[in-house]
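The structure appears below as structure tokens.
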2 protein chains.
Amino acid sequence: MFSETVAHRDHGKLPVASIFPASQNKGFERGSLRRVEAREHVFCEGDPRTHVFRVEDGVIALSKLLSDGRRQIIDFAYPGDYIGLGVLPDHVFDAQATCSAKIRCLSTTALEHEAASDASLALKLYKAVSAELVAARSLLVSVGQKTAMERVAAFLVNLHARNVNGDTERDVVKLPMRRSDIGDMLGLTIETVSRTITKLRTMHVIDVINGTEVHVLRTERLKELAGE
Amino acid sequence: MFSETVAHRDHGKLPVASIFPASQNKGFERGSLRRVEAREHVFCEGDPRTHVFRVEDGVIALSKLLSDGRRQIIDFAYPGDYIGLGVLPDHVFDAQATCSAKIRCLSTTALEHEAASDASLALKLYKAVSAELVAARSLLVSVGQKTAMERVAAFLVNLHARNVNGDTERDVVKLPMRRSDIGDMLGLTIETVSRTITKLRTMHVIDVINGTEVHVLRTERLKELAGE
DNA sequence: CGGACCGTTGACTCTTGTCAAAGCCAGTGG
DNA sequence: CCACTGGCTTTGACAAGAGTCAACGGTCCG
């Protein structure tokens with residue numbers, strides 16, 4: 001069913017920043033590593049929330065589905081990000097790899113048990129979720145108020161700011177997801193996403209290689225187009 | 001003429017809340033009460049985050065502005081809700097009363113100092129922010145994927161579920177905000193909001209008294225229209 | 001080579017936005 | 001008491017941005 005695609009072997013150093021205190025971790029750092037193929041689900045909405053995951057490699061799309069199949073991607077989780085935090089017993093969204101990925105699995109019960117007596121850990125959870133909240137609201141502003149051009153530009157600026165490539169190729173933004181993923185995140189169709197990217201190309205603001213690698217030619221112009 | 005047009009961003013007049021000793025502060029219990037007139041700002045984006053507030057009465061709209069004036073309301077805070085939680089030193093959105101309101105002011109520094117050594121308080125913060133995150137993502141799904149009718153219906157269902165009126169008048173939903181506030185939350189214009197509400201009336205799903213009091217006539221139908 | 005999948009492009013449709021005018025209600029002042 | 005004013009909502013006519021449907025093209029892989 002899932003064909004074996006060739007693994008990325010080139011993943012560089014992983015972000016060390018962890019919400020789990022190294023000094024007193026009860027094995028949190030060593031949760032089992034799991035490989036997830038492109039399009040494979042890590043978990044679905046409604047699944048019991050037995051684990052929290054840290055993305056080690058690849059990208060995980062977090063999404064919610066309507067009954068008729070419409071999908072809203074609420075976040076992309078990149079290496080170093082945690083997914084599945086929260087206080088509810090079940091997951092409230094789907095998590096699905098957009099490309100081949102690796103994730104570390106961490107026990108929810110152990111985490112919560114630890115947090116109940118460790119204020120600094122609880123505060124780290126607080127901060128992690130607060131950061132997610134800021135991101136969600138930022139996306140909400142895009143989707144609620146911006147034009148297609150502004151949304152796509154803001155999306156690219158956002159990816160650009162993450163600087164996933166490290167210092168080399170500062171102005172190259174990889175798009176490790178399909179047009180449909182971008183569209184489902186921005187509340188646009190794949191056709192509109194495609195047309196908008198084409199327009200950015202004709203405006204010489206970006207260049208696109210193989211449809212997946214965006215070269216930002218005019219950063220400031222792109223930021224202007226992102227609409228504040 | 002002393003009507004409520006006090007306040008375009010008059011946060012310079014923000015009264016300083018009294019700071020209760022941290023030792024007595026079980027996090028959320030104390031703080032001075034402040035009255036906020038309709039349209040008055042509690043704080044603005046960029047203001048130093050010196051206080052967290054609990055809504056005691058009325059409704060506070062939390063919003064973000066684009067440079068050209070477009071506004072996205074990211075949440076309505078009702079009595080019992082907290083506003084201004086987070087980890088950043090400054091506020092990242094505006095908070096503005098949609099109608100006359102009362103709020104309790106709580107010192108940020110006292111709260112954070114307390115939370116640093118009290119895991120249960122820190123966990124409460126974690127849970128409060130997690131709940132905000134769930135709400136923000138739910139709104140994101142509406143704005144990103146739903147039609148105008150579905151958004152308005154979902155908005156009404158959401159208010160209906162809060163059951164602000166207590167047990168009496170279970171199917172009456174007060175709208176203590178303007179059409180422009182609803183529109184800015186749902187990513188619609190006031191005209192579209194108005195037309196959609198009119199359509200719901202002609203469908204006999206709701207009835208509207210004085211434009212501000214919605215009687216839900218067919219709850220199930222309204223939920224269907226909300227699109228899952 | 002052929003098929004599956006994805007992205008691009010074009011023609012056309014339609015929901016929602018824009019602009020404009022009228023209605024409604026509350027508060028005010030003659 | 002009633003006309004006037006201002007803020008907000010409703011309604012209508014029209015425009016436009018994004019969606020829909022369809023065809024084509026490129027790439028990967030068996």
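Naming: A, B, ... by sequence-line order, numbering from 1 per chain.
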Show, in sequence, the C-alpha distance, side-chain angles and deciding distance for B:Arg218 and B:Glu220, and conclude whether the salt bridge (charged side-chain N to carboxylate O under 4.0 Å, His left out) test is met. CA-CA 6 Å; B:Arg218 296 206 258 161; B:Glu220 288 312 311; over 6 Å; no

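As a whole-Å value, the separation of B:Ile197 CD1 from D:dC8 P is 16 Å. Per the geometry, CZ belonging to A:Arg178 stands 14 Å off C1' belonging to D:dT27, to the nearest Å. For the pair B:Glu150 CD and C:dT15 C1', the computed distance is 12 Å after rounding to whole Å.
Within 4.0 Å of A:Gly183, counting heavy atoms only, lies no atom of the nucleic acid at all. Using a 4.0 Å heavy-atom cutoff across all strands shown, B:Leu188 reaches sugar-phosphate atoms only and no base atom.
Side-chain contact, B:His160 with B:Asp171: a donor N or O sits under 3.5 Å from an acceptor N or O.
Applying the 3.5 Å distance criterion, the base of D:dG7 shares no donor-acceptor pair with the side chain of B:Arg39. A donor-acceptor contact under 3.5 Å is not formed by the side chain of A:Arg201 with the base of C:dT9.
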Pairs of donor and acceptor atoms involving the side chains of residues 146-153 of chain A, under 3.5 Å and at least two apart or interchain, shall be tabulated with distances.
unit_1   : atom_1 : unit_2   : atom_2 : d
A:Lys146 : NZ     : A:Ala226 : O      : 2.9
A:Thr147 : OG1    : A:Glu150 : N      : 3.2
A:Thr147 : OG1    : A:Glu150 : OE1    : 3.4
A:Glu150 : OE1    : A:Thr147 : N      : 2.9
A:Glu150 : OE1    : B:Arg70  : NH1    : 2.8
A:Glu150 : OE1    : B:Arg70  : NH2    : 3.4
A:Glu150 : OE2    : B:Arg70  : NH2    : 2.8
A:Arg151 : NE     : A:Lys146 : O      : 2.9
A:Arg151 : NH1    : A:Leu186 : O      : 2.7
A:Arg151 : NH1    : A:Gly187 : O      : 3.4
A:Arg151 : NH2    : A:Lys146 : O      : 3.1

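Which of C:dT8, D:dA18, C:dC6 sits closest to the side chain of A:Thr192 comes down to D:dA18. Closest contact between the side chain of B:Arg179 and the listed nucleotides C:dG17, D:dT10, C:dT8 involves D:dT10. Comparing D:dA18, D:dG19, D:dT11 by their closest approach to the side chain of A:Thr147 singles out D:dA18.
Regarding contacts with the backbone of C:dG7, every side-chain N or O of A:Ser194 stays at 4.0 angstrom or more from both OP1 and OP2.
Taking the six-membered ring for Trp and thresholds of 30 and 60 degrees, A:His91 and A:Phe93 have ring planes inclined between 30 and 60 degrees apart.
Between B:Ile190 and B:Arg195, the residue anchored nearer the 5' end of DNA chain D, judged by the nucleotide with its closest heavy atom, is B:Ile190. Between A:Asn210 and A:Glu191, the residue anchored closer to the 5' end of DNA chain D is A:Glu191, taking for each the nucleotide with the nearest heavy atom.
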